[in-house]
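Values reported hereafter were calculated over all heavy atoms of this structure, with side chains retained and with hydrogens, waters and symmetry mates removed.
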Amino acid sequence: MRTRSLALAAAGVLMAGGPSLAQSANPVVTTLSVFAGSAAGLWQSKDWGGSWQLVKVSKDASLEGLGAAYCILPQGPRVYACGEAGVFTSEDFGASWRRAAIEGPVQVLLASRYAAADPTVFAGTPRGLSISQDAGLTFPEVSLPGTAVSRLEWPGPELVLATSRGVLVSSDAGRTFRGPGPGLPEGQVAALALSSFFGTDPVLFAAVGQGGVYRSSDGARSWAPSGLQGRAVNDLAWLGPLLYAATDRGLYRSDDAGKTWSPLGKELAEREVTRLLFPLMPASGAEVFAGTDQGIYRSSDGGLNWIRTSFPKERVLALATYPAALPAGKPKRTP
């Protein structure tokens with residue numbers, strides 16, 4: 001477990017909108033909490049991956065029926081989980097759950113970074129894009145019927161989707177779309193990574209099938225190959241000048257925006273890496289979690305060296321943690 005001072009751990013107990021430390025029977029230190037999804041369901045670690053517990057709650061506050069957990073979205077006291085049975089929400093850090101009004105399966109969820117001001121939640125499903133305007137309680141609107149949506153990014157104002165039709169972009173919060181642009185192979189887009197400054201630097205990377213990585217420098221209007229051809233890329237993460245690719249044969253990193261790639265971490269060599277989580281992204285890349293076909297690994301040096309956590313040797317479908325707090329004085333922007 002990573003070293004934390006008592007002061008930092010205390011500050012990590014998320015207070016806004018939730019019970020106070022004195023009122024809560026089971027306070028949650030968000031700076032030490034990590035969630036994972038597998039075919040068995042939703043898992044949680046409260047000690048930064050040192051130990052993992054399958055989330056089980058009473059019949060009156062049940063997550064029963066979720067099935068395989070495909071995504072987790074923690075937002076303060078509110079936590080979303082999506083899977084085979086649809087979407088479940090918790091208002092108390094995962095202690096109790098209720099089921100949202102949407103049929104499963106749901107593959108990905110994306111909410112506003114400032115949920116208190118904007119209750120929009122997008123749900124990507126094999127049937128299309130569903131949109132909730134009430135913080136995920138109901139999902140009455142459906143866009144792109146018949147199009148499987150597997151990944152979502154909302155840098156603002158554009159909404160970017162990884163779909164079975166390629167990468168699609170909406171400038172009006174999911175009402176209309178453009179794309180797919182030429183150069184990207186046909187098929188389900190499995191991975192997506194956008195520039196941190198997408199509004200002014202509309203560069204993004206995507207992966208389809210065994211085709212490796214593709215790059216667009218014009219907001220998904222056109223694409224060109226960007227390495228790792230012949231490999232299935234399950235996840236992409238872009239941290240400053242470093243681009244990471246989780247593939248069916250190990251973890252790779254590019255230091256030159258996809259021109260060249262190098263394998264990273266002998267512990268993950270030739271292993272299928274399914275998901276990547278940089279808890280402090282975009283501020284820092286020192287801490288990394290990697291989900292694989294045989295459990296979860298953790299690195300404290302940007303992926304150079306890895307240790308296996310106590311997670312069962314199961315295929316990892318999702319990884320998530322609470323978002324890092326905004327630095328003091330940093331202006332908030334609507335997505």
Side-chain angles (χ1 to χ4, degrees), residues 71 73 107-113 122 124 129 143-144 147-174 176-229 231-247 251-261 273-278 281-283 285 288 319 323 333-335:
C71 72
L73 182 62
Q107 297 170 304
V108 62
L109 287 175
L110 180 65
S112 168
R113 286 169 289 181
F122 296 99
L129 177 70
S143 296
L144 301 172
T147 301
V149 179
S150 58
R151 297 295 179 94
L152 295 166
E153 295 287 348
W154 196 8
E158 291 86 357
L159 176 68
V160 184
L161 285 68
T163 80
S164 55
R165 290 170 43 196
V167 176
L168 305 180
V169 180
S170 173
S171 298
D172 53 13
T176 61
F177 296 86
R178 61 172 172 79
L184 193 66
E186 294 183 359
Q188 180 70 54
V189 178
L192 193 63
L194 276 63
S195 164
S196 298
F197 307 98
F198 189 77
T200 57
D201 180 30
V203 176
L204 68 160
F205 294 87
V208 180
Q210 298 282 336
V213 178
Y214 286 77
R215 173 189 169 111
S216 173
S217 59
D218 55 9
R221 289 178 172 83
S222 62
W223 298 86
S226 191
L228 297 179
Q229 271 62 50
R231 301 205 172 183
V233 178
N234 299 313
D235 204 2
L236 290 165
W238 194 1
L239 186 70
L242 306 178
L243 181 63
Y244 292 79
T247 82
L251 177 66
Y252 287 79
R253 187 176 75 185
S254 174
D255 301 335
D256 52 14
K259 294 183 177 67
T260 59
W261 295 87
V273 183
T274 58
R275 290 293 182 268
L276 294 172
L277 172 64
F278 290 77
M281 183 183 279
V288 194
L319 282 171
R333 296 180 298 163
T334 301

Point to revise | Heavy atoms from other residues, nucleotides or ligands near CD of Glu186 exceed 12 (cutoff 6.0 Å) | key: no

Check your understanding: In Å and rounded to the nearest 0.5 Å, what is the CG to OH distance from Leu242 to Tyr244?
Key -> 4.5 Å

Practice item. Kindly give the heavy-atom pair with the smallest separation between Asp235 and Thr274, and that separation in Å. Key: CB-O, 3.8 Å

Review point. Is Gln229 reaching over with its side chain to a backbone N or O of Gly211, donor-acceptor style, under 3.5 angstrom?
Key: yes

Revision key, fill the gap. Residue set satisfying side-chain contact (heavy atoms from CB on, under 4.5 Å) with Ser170, at least two apart, ordered chain then number -> Leu159, Asp172, Phe177

Exercise for review: Please report the shortest heavy-atom distance between Val160 and Pro155, naming the atom on each side.
Suggested key: CG2-CD, 4.4 Å

Practice item. State the CG-CG distance between Leu161 and Leu144, to the nearest 0.5 angstrom. Key: 6.5 Å

Practice item. Please round to the nearest 0.5 Å and tell me the distance separating atom CG of Leu236 and atom CG of Leu194. Key: 10.5 Å

Exercise for review: Using the test side-chain contact (heavy atoms from CB on, under 4.5 Å), find all partners of Ala162 that sit at least two apart in sequence or belong to another chain.
Suggested key: Ser150, Arg151, Val189, Leu192

Review point. About how many Å separate CG of Leu129 and OG1 of Thr163, when rounded to the nearest 0.5 Å?
Key: 10.5 Å

Revision key, fill the gap. Residues at least two apart in sequence or cross-chain that pass side-chain contact (heavy atoms from CB on, under 4.5 Å) with Ser254, listed by chain then number, are Leu243, Asp256, Trp261

Check your understanding: What heavy-atom pair brings Val167 and Ala220 nearest, and what distance separates the two atoms?
Key -> CG1-CB, 3.9 Å

Review point. Can you tell me if Asp201 uses its side chain to pair, donor with acceptor, with the backbone of Ser196 under 3.5 Å?
Key: no

Point to revise | Distance-minimising heavy-atom pair for Ala245 and Leu228 | key: CB-CD1, 3.7 Å

**Study point:** CG on Leu319 to CZ on Arg275, rounded to 0.5 Å
**Key:** 8.5 Å

Exercise for review: Decide side-chain contact (heavy atoms from CB on, under 4.5 Å) for Val149 and Gln107; before the verdict, give the C-alpha distance in whole Å, the side-chain angles of both, and the deciding distance to 0.1 Å.
Suggested key: CA-CA 7 Å; Val149 179; Gln107 297 170 304; 5.5 Å; no

Check your understanding: Can you name the side-chain contact (heavy atoms from CB on, under 4.5 Å) partners of Gln210, sequence neighbours left out?
Key -> Ala232, Asp248

Exercise for review: Scan residues 200-221 for pairs that pass ring pair (Phe, Tyr, Trp, His ring centres under 6.0 Å), counting only residues two or more places apart or in two chains.
Suggested key: Phe205-Trp238

Revision key, fill the gap. Lys259 and Ser226 have their tightest heavy-atom pair at N-OG, 4.5 Å

**Study point:** All side-chain hydrogen bond (donor to acceptor under 3.5 Å, both in side chains) counterparts of Asp218, not counting sequence neighbours
**Key:** Ser216, Ser222

Practice item. Hey, could you give me the CG/CZ distance between Leu168 and Arg178, rounded to the nearest 0.5 Å? Key: 9.5 Å

Review point. If every non-hydrogen atom of Ala237 is compared with every non-hydrogen atom of Leu276, which pair is closest and at what distance?
Key: CB-CD1, 4.3 Å

